[in-house]
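Right, one structure below, let's go through it.
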Amino acid sequence: MMPPDLAEQIEHITRRESGQVLAALISQLGDFTLAEDALQDALVAALEHWPAAGVPPNPGGWLMTVARRNALDQVRRRQIWEAKQPLLQAEWMQEQAGGWAMTDDAIPD
C-alpha cells in the first residue's frame with residue numbers, strides 16, 4: 001500500500017498537471033479520445049512506478065512522455081491492424097469459398 005503522503009502528492013500532481021498534459025496531447029495528436037486514453041494510461045503507470053522509484057523531478061514532463069509514447073504505440077497498432085485487414089479479408093473469403101475446407105478427418109486425434 002502506498003504511504004498516505006505519497007498518495008496525496010500524486011493526487012495533487014495529477015490535478016495540477018493533467019489539464020496541461022491533456023491539452024498538449026490533443027494539440028499534438030489531433031484526437032481527443034486518443035489523448036485521454038494515453039493520459040489515463042500514463043497516470044496508471046505513474047501509480048505503479050512512482051511509489052517504488054519516487055516522484056520524478058518533472059512529473060508533468062514524465063506524464064507527457066509516457067502518454068505520448070502510449071499514444072504512438074496505439075497509433076502504430078491501429079495502422080498495422082488496418083494494413084492487415086485486406087489480407088485477412090482475402091483469407092476469409094478464400095476459406096468461405098472452400099479453398100481451405102477441412103473436415104474432422106483431416107486432423108488426427
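The figures here come from the full heavy-atom set of this structure, side chains too, leaving out hydrogens, waters and symmetry mates. Everything numeric in this text was worked out from a predicted model, so none of it was measured. The first residue in the sequence is number 1, and the count goes up from there.
Other residues, nucleotides and ligands place no more than 12 heavy atoms under 6.0 Å from the CZ atom of R69.
Here the closest non-hydrogen pair linking A67 and A38 is O-CB, 3.2 Å.
Residues L47 and L39 fall within the same hydrophobic cluster, defined by Ile, Leu, Val, Met, Phe, Trp and Tyr side chains chained together at heavy-atom separations under 4.5 Å. The hydrophobic cluster containing V66 also contains V75, counting ILVMFWY residues as joined when their side-chain heavy atoms lie under 4.5 angstrom apart, directly or transitively. V44 and I13 are not part of a single hydrophobic cluster, where members link through side-chain heavy atoms under 4.5 Å apart.
Contacts classified as ring pair (Phe, Tyr, Trp, His ring centres under 6.0 Å) and involving residues 20-59 (residues at least two apart or in different chains) are given here: W50-W62. Applying the side chain to side chain donor-acceptor pair (under 3.5 Å) rule to pairs touching residues 79-88 yields nothing, sequence neighbours excluded.
Annotation: side chain of R77 is in contact with side chain of D73 (closest heavy-atom distance under 4.5 Å). E95 has its side chain out of reach of E91: every pair of non-hydrogen atoms, C-beta onward, lies at least 4.5 Å apart.
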Could you list the donor-acceptor pairs under 3.5 angstrom formed between side-chain atoms of residues 17-31 and any protein atom two or more places apart in sequence or on another chain?
residue	atom	partner	partner atom	Å
S18	OG	T14	O	2.6
Q28	OE1	R68	NH1	3.3
D31	OD1	T33	N	3.1
D31	OD1	L34	N	3.0

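How far CD of Q74 is from CG of L72: 9.5 Å, rounded to the nearest 0.5 Å.
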